[in-house]
Amino acid sequence: MQHAKAARVVIVGGSVGGLAAAHELRAIGAEAAVYERSAGRMQARGAGVVMQPEVEALLVRLGLSAREVSVELRERQQLHLHGRATRYAAPQLMTAWDTLYRVLREPVAGLCYRLDSALTRVRVEGSEVTAEFADGSTTQGHFLVGADGIGSATRRLLDPATRPSYAGYVAWRGLEPESALPGDLLEVLTGRFTFFGADGLQMLCYLVPGPDGELEEGSRRVNWVWYMNVPEHDLPRLLASRSGKPYTTFLPPGEILPDIAAELAATAEASLPERFAQLVRLSDVFMQPVFDLAPHRMVADHAALIGDAVGTVRPHTASGTSKAFADAAGLAAALRGWTPGQELPAGRLADWERQRLLHLVALSRAGIDLADRSSLGTAGSRRFFVSE
């Protein structure tokens with residue numbers, strides 16, 4: 001008796017969303033191969049990650065609990081420019097991008113995972129899809145998944161009219177070893193989700209696991225993000241790098257220009273509570289502009305988009321990672337039982353696309369509403385780094 005041939009799925013994008021898709025597809029019997037455009041070690045573009053049910057569900061299936069990869073917080077505190085912090089109980093689990101990447105990557109060490117693979121073309125011929133890469137190499141499969149983020153080459157090839165737009169503000173970030181920070185500062189931040197807001201800015205901070213997933217006191221990291229309104233015409237000045245390498249959606253650690261770093265420190269001193277200003281001064285800062293990309297399309301011929309390749313949600317929803325995991329799980333469910341030689345389960349794929357788009361559109365609107373309440377990206381609110 002002949003067994004049905006397993007479907008081979010080509011996944012474009014090797015971040016946590018692409019790895020989640022690999023796990024979900026392997027669970028339904030498909031073969032997965034991952035192709036990542038980065039040439040070397042991947043940069044953690046989002047440092048801290050709020051543990052959400054969609055992420056926890058996959059971890060459990062991999063034999064892990066959320067607590068094994070998370071720092072537990074016990075309360076929230078709001079800092080003020082003047083006066084004592086306001087605190088209240090709010091238990092929460094926090095993990096990190098690189099922690100999730102490691103625990104997703106290790107179980108599939110034998111998986112085809114190819115770096116330096118920038119997608120340039122997708123061809124569908126009958127029941128096979130061919131991906132072509134910038135180095136001239138190609139790969140064939142029976143289905144292709146675009147999990148390659150907001151700058152998705154897959155989306156540009158499948159839906160070239162859809163492009164991200166700047167939301168009007170940026171996210172300055174830091175990810176510092178707790179061992180490198182003074183004890184009095186750690187005493188204020190440890191075990192708490194700490195935040196502050198004012199016209200045109202918002203800052204928040206919490207601890208996450210160490211670089212190798214360490215959870216012991218002294219081995220963890222302090223993760224912070226500072227949202228700030230910046231005019232679009234001033235973005236190139238902020239994204240200019242020490243190395244001279246051009247950046248458009250992410251400025252890595254170590255690349256901020258000295259004059260921008262000095263201006264950022266002065267702005268922190270003038271605009272933030274003393275503890276947050278101190279944290280900014282002590283950090284190796286990196287930065288991401290915030291972009292909007294409205295969810296529009298997820299399914300094409302023998303291909304699908306997931307995560308930020310489909311559309312973005314503002315970071316205030318704390319669901320950028322979890323939506324990619326949910327997309328991957330739903331796509332795998334729609335493809336369950338399909339084998340090469342059969343017609344694609346078009347009805348199930350259409351149902352998956354419709355349900356996910358409804359959810360993503362609502363989530364996107366909720367994120368914009370949260371940003372508006374914090375005067376981020378809104379007309380008439382305070383702006384920073386305004387050129388003369």
Side-chain angles (χ1 to χ4, degrees), residues 47-48 50 71-92 94 167-208 217 220-231 234 238 256 259-288 290 314-318 367-386:
V50 179
V71 172
E72 186 172 1
L73 308 184
R74 63 180 184 273
E75 61 185 10
R76 288 196 168 210
Q77 68 174 348
Q78 181 177 5
L79 300 185
H80 305 281
L81 284 176
H82 309 288
R84 296 172 61 87
T86 305
R87 295 174 179 167
Y88 55 93
Q92 200 168 12
M94 302 296 190
Y169 60 106
V170 305
W172 299 101
R173 293 183 178 272
L175 186 62
E176 299 301 313
E178 63 175 324
S179 59
L181 299 176
D184 58 343
L185 178 58
L186 287 173
E187 186 177 354
V188 173
L189 301 177
T190 300
R192 301 183 176 105
F193 182 104
T194 305
F195 63 98
F196 170 77
D199 183 27
L201 67 84
Q202 182 186 67
M203 185 166 177
L204 55 91
C205 172
Y206 51 86
L207 269 67
V208 299
E217 184 176 345
R220 301 163 300 185
R221 292 169 295 176
V222 175
N223 168 76
W224 61 264
V225 55
W226 179 11
Y227 302 111
M228 175 193 297
N229 288 341
V230 172
D234 286 306
L238 273 60
I256 185 172
D259 61 326
I260 299 297
E263 189 173 348
L264 185 69
T267 303
E269 201 69 34
S271 306
L272 296 176
E274 190 274 331
R275 289 303 191 187
F276 270 173
Q278 180 186 17
L279 184 57
V280 173
R281 289 195 304 270
L282 294 172
S283 297
D284 185 9
V285 179
F286 54 110
M287 189 266 280
Q288 290 173 276
V290 178
R314 300 283 180 94
H316 322 287
T317 64
I368 292 171
D369 183 55
L370 287 170
D372 288 348
R373 292 185 210 172
S374 299
S375 67
L376 294 171
T378 57
S381 55
R382 185 183 177 189
R383 298 187 298 172
F384 300 82
F385 286 90
V386 180

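A distance-only check finds a donor-acceptor pair linking the side chain of Glu178 to the backbone of Arg220 [under 3.5 Å]. Using modelled atom types, no side-chain atom of Glu75 and backbone atom of Gly191 make a donor-acceptor pair closer than 3.5 Å. Remark: side-chain polar atoms of Asn223 are not paired, donor with acceptor, to backbone N or O of Ala47 under 3.5 angstrom. Between the side chain of Arg192 and the main chain of Glu187, a donor-acceptor pair closer than 3.5 Å is present. Between the side chain of Ser375 and the backbone N or O of Gly200, at least one donor-acceptor pair lies under 3.5 Å. At least one donor-acceptor pair closer than 3.5 Å links the side chain of Gln77 to the backbone N or O of Val188.
Here the CD1 atom belonging to Ile256 is positioned 7.5 Å from the CE atom belonging to Met287, to the nearest 0.5 angstrom. Taking OG1 from Thr378 and CG from Asn229, the interatomic distance works out to 6.0 Å, rounded to the nearest 0.5 Å. Atom CD in Glu274 sits 10.0 Å away from atom CG in Leu79 (nearest 0.5 Å). A distance of 5.5 Å separates CZ of Phe385 from CE of Met228, quoted to the nearest 0.5 Å. The line from CZ of Phe193 to CZ of Arg87 is 15.0 Å long, rounded to the nearest 0.5 Å.
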Determine, step by step, whether Arg383 and Asp234 satisfy the side-chain contact (heavy atoms from CB on, under 4.5 Å) criterion, reporting the C-alpha distance in whole Å, the side-chain angles of both residues, the deciding distance to 0.1 Å, and the verdict. CA-CA 11 Å; Arg383 298 187 298 172; Asp234 286 306; over 6 Å; no
Criterion side-chain contact (heavy atoms from CB on, under 4.5 Å) on Leu272 and Trp226, from CA distance to verdict: CA-CA 10 Å; Leu272 296 176; Trp226 179 11; 3.8 Å; yes
List the steps and the verdict of side-chain contact (heavy atoms from CB on, under 4.5 Å) for Gln202 and His316. CA-CA 10 Å; Gln202 182 186 67; His316 322 287; 3.5 Å; yes
Can you list the steps and then say if Glu217 with Thr190 is a side-chain contact (heavy atoms from CB on, under 4.5 Å)? CA-CA 9 Å; Glu217 184 176 345; Thr190 300; over 6 Å; no
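Residue Leu81 comes nearest to Ser271 through the heavy atom pair CD2-O, 3.8 Å, listed as atom of the first residue, atom of the second, then distance. The two residues Thr194 and Leu189 come nearest to each other via the heavy atoms OG1-CD2, 3.9 Å. When all heavy atoms of Leu279 and Met203 are compared, the pair lying nearest together is CD2-CE, 4.3 Å. A pairwise comparison of heavy atoms in Val50 and Ala318 identifies CG2-CB, 3.7 Å as the closest pair. Closest heavy-atom contact between Ala277 and Ala268: CB-O, 3.5 Å. Across all non-hydrogen atoms, the minimal contact from Leu175 to Phe286 is N-CE2, 4.1 Å.
A donor-acceptor pair shorter than 3.5 Å can be found between the side chains of Arg275 and Gln278.
Partners of Pro177 by side-chain contact (heavy atoms from CB on, under 4.5 Å), not counting sequence neighbours, listed by chain and number: Ser179, Ala180. Among residues two or more places apart in sequence or in another chain, the ring pair (Phe, Tyr, Trp, His ring centres under 6.0 Å) test is passed with Phe195 by none.
For Phe384 and Trp172, the distance between ring centers is not under 6.0 angstrom.
By the 4.5 Å heavy-atom criterion applied to side chains, Trp224 and Ser283 are counted as neighbours. You'll find the side chain of Leu201 stays beyond 4.5 Å of the side chain of Tyr169, heavy atoms only. Contact annotation: the side chain of Thr267 never approaches that of Val280 to less than 4.5 Å [non-hydrogen atoms, C-beta and beyond]. Using a 4.5 Å heavy-atom threshold, the side chains of Arg314 and Ile368 count as touching. Side-chain contact check for Val222 versus Leu186: some heavy-atom pair is nearer than 4.5 Å.
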